[in-house]
Number of protein chains: 2
Amino acid sequence: MKIGDLAKRSGLTAHTIRYYERIGLLPYADRNQSRHRDYDASILTWIEFLGRLKTTGMPIRDMLRYAALREAGAGTEAERRALLERHRERVRAQVDELNACLLVLDTKIDGYVETEQRKTDDDAPEQNRIRGRRKPA
Amino acid sequence: MKIGDLAKRSGLTAHTIRYYERIGLLPYADRNQSRHRDYDASILTWIEFLGRLKTTGMPIRDMLRYAALREAGAGTEAERRALLERHRERVRAQVDELNACLLVLDTKIDGYVETEQRKTDDDAPEQNRIRGRRKPA
DNA sequence: TCTTGACTTAGAGCGCGCTCGAACCCGTAG
DNA sequence: CTACGGGTTCGAGCGCGCTCTAAGTCAAGA
């Protein structure tokens, strides 16, 4: 598979793939007789996992650490596991924080809903106006 | 309240507070006779809300839009609400995505746990060795 | 044969969100 | 009076993660 195909299938650009190889996030790819990169489909699995790490906010320097352990092969599993477990905790905390923010957003949005409701009440004819914040049942 | 106090209470640096004012994220602050910024405690509520928007990944240009509507005052509630509702949807999607990533992380970590278990089994004396991936019950 | 288009490398540039430095101004404690 | 610990403005610089340009190579199709 050539870099353009891998780009299409991975969702990365060819530029980004070369950049990732340059910094060590992707292993140095085999080249064909034209010195073009020639990929095996298995690289997609790794790219997809990198995408998960990225989505969850792992900085590239940490991905590099993980990638280096992976390249090092057997004997690094315990450290890889520890790295992922630490990351998982951070992601869990992140989810909790986002959920807390969602509650705040809900409250804020509800406030605007009520503002609009008051406006609607004000616009209503005098004999139909109801005091208070909520629409009558 | 002076900028240093606000920095302590808000968790931002004085540099960042000035930067936020400069770009319009914070309203132009009153100055005292020494031309120093003089803040009212109420600004903390706004800064805290900005922090929520930031935590949830809203880019500054969108916060600026919201801040501008806020400054514009009454009559902009519907648009502010719409902006927050769109953002809420993005945050919900983000939480879903993170949870999906957490499942992948769990699987990956479980894989390493099993690797370590095999290693432990290999290290055990011959008569105690058990075939298979899982620790015996 | 010639053109097209995808590939190569090295290195510069960019958008974001700060972060910091320089030079200066003030008010207060010693 | 002086030193110090704030504050001020303006603008440059930085770390991140790409993103793009330039100049060249190569293979395949008209």
Side-chain angles (χ1 to χ4, degrees), chain A residues 1-41 43 46-68 87 90 94 97 101, chain B residues 1-41 43 46-68 87 90 94 97 101:
Chain A
M1 201 192 327
K2 287 196 285 181
I3 197 170
D5 304 325
L6 180 59
K8 269 170 206 132
R9 295 179 60 179
S10 69
L12 300 177
T13 68
H15 281 308
T16 302
I17 293 170
R18 287 190 207 100
Y19 165 69
Y20 280 1
E21 177 181 304
R22 203 159 56 194
I23 65 174
L25 214 45
L26 293 179
Y28 185 83
D30 293 340
R31 312 295 155 118
N32 66 17
Q33 79 283 7
S34 303
R35 305 177 54 244
H36 290 194
R37 289 169 182 80
D38 186 12
Y39 290 99
D40 187 284
I43 195 73
W46 174 233
I47 290 179
E48 191 185 338
F49 186 64
L50 283 177
R52 301 285 185 174
L53 296 182
K54 183 185 164 189
T55 293
T56 49
M58 183 183 283
I60 282 188
R61 62 181 169 282
D62 292 1
M63 295 191 213
L64 282 177
R65 174 115 196 84
Y66 186 82
H87 183 57
R90 282 192 295 268
Q94 196 183 335
E97 199 171 19
C101 288
Chain B
M1 199 191 328
K2 285 196 284 179
I3 197 170
D5 304 325
L6 181 60
K8 269 170 204 130
R9 295 179 62 179
S10 68
L12 301 177
T13 68
H15 281 308
T16 302
I17 293 170
R18 287 190 208 100
Y19 165 69
Y20 279 1
E21 177 182 302
R22 203 159 54 194
I23 65 174
L25 215 44
L26 294 179
Y28 186 82
D30 293 340
R31 314 294 156 119
N32 66 17
Q33 79 285 8
S34 303
R35 304 179 53 243
H36 290 192
R37 290 170 181 79
D38 188 11
Y39 290 99
D40 186 284
I43 195 74
W46 174 235
I47 291 178
E48 191 186 338
F49 187 64
L50 284 177
R52 301 285 185 174
L53 296 182
K54 183 185 164 188
T55 293
T56 50
M58 182 183 284
I60 282 188
R61 62 181 168 283
D62 293 0
M63 296 191 213
L64 282 178
R65 174 116 197 84
Y66 186 81
H87 183 58
R90 283 192 295 270
Q94 195 185 337
E97 198 170 21
C101 289

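In what follows, chains are A, B, ... by sequence order, proteins preceding strands, each numbered from 1.
Rounding to whole angstrom units, CZ of residue A:R61 and C1' of D:dC14 are separated by 14 Å. Atom P of nucleotide D:dG17 and atom CE of A:M58 are separated by 12 Å, given to the nearest angstrom. Between A:L50 atom CG and D:dG17 atom C1' the separation is 14 Å, expressed in whole Å. Spacing between atom CD of B:E21 and atom P of D:dC10 amounts to 11 Å, rounded to whole angstrom units. Note: CD1 (A:I23) to C1' (C:dT9) measures 17 Å, nearest angstrom. Rounded to whole angstrom, the span from the CE atom of B:M1 across to the P atom of D:dG6 amounts to 17 Å. Put simply, CG on A:D5 is 12 Å from C1' on C:dC7, counting in whole angstrom units. Atom-to-atom, CG of A:D38 to P of D:dC26 comes out at 17 Å; the value is rounded to the nearest Å.
OP1 and OP2 of C:dG17 both lie 4.0 Å or more from every side-chain N or O belonging to B:R18. Note on A:Y19: every side-chain N or O is 4.0 Å or more away from OP1 and OP2 of D:dC20. Between A:R37 and C:dT9 there is a side-chain polar atom (N or O) within less than 4.0 angstrom of OP1 or OP2. In this structure, A:S34 reaches the D:dA27 phosphate: one of its side-chain N or O atoms is under 4.0 Å from OP1 or OP2. Taking side-chain N and O atoms only, A:R31 has a distance below 4.0 Å to OP1 or OP2 of C:dT9.
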Note to self: For a salt bridge (charged side-chain N to carboxylate O under 4.0 Å, His left out) check, start with the C-alpha distance between B:E48 and B:K54, then their side-chain angles and the critical distance, and finish with the verdict.
What the structure shows: CA-CA 10 Å; B:E48 191 186 338; B:K54 183 185 164 188; over 6 Å; no
* **B:I3 vs B:H36, side-chain contact (heavy atoms from CB on, under 4.5 Å): CA-CA, chis, key distance, verdict** => CA-CA 8 Å; B:I3 197 170; B:H36 290 192; over 6 Å; no
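Note that CG of B:L50 and CD1 of B:I60 are 9.0 Å apart. Values are rounded to the nearest 0.5 Å. The line from CG of A:L12 to OH of A:Y19 is 12.0 Å long, rounded to the nearest 0.5 Å.
The side chain of B:R22 sits closest to C:dT19 out of D:dG7, C:dT19, D:dA27.
Other residues, nucleotides and ligands contribute at most 12 non-hydrogen atoms within 6.0 Å of the CZ atom of B:R65.
Comparing A:H15 and A:H36, the nucleotide of DNA chain C nearest to each residue sits closer to the 5' end for A:H36. Nearer the 5' end of DNA chain D, as judged by each residue's closest nucleotide, is the contact made by A:L25, out of A:L25 and A:R35. Nucleotides of DNA chain C nearest to A:K2 and B:T13 differ in position, and the one nearer the 5' end is that of A:K2.
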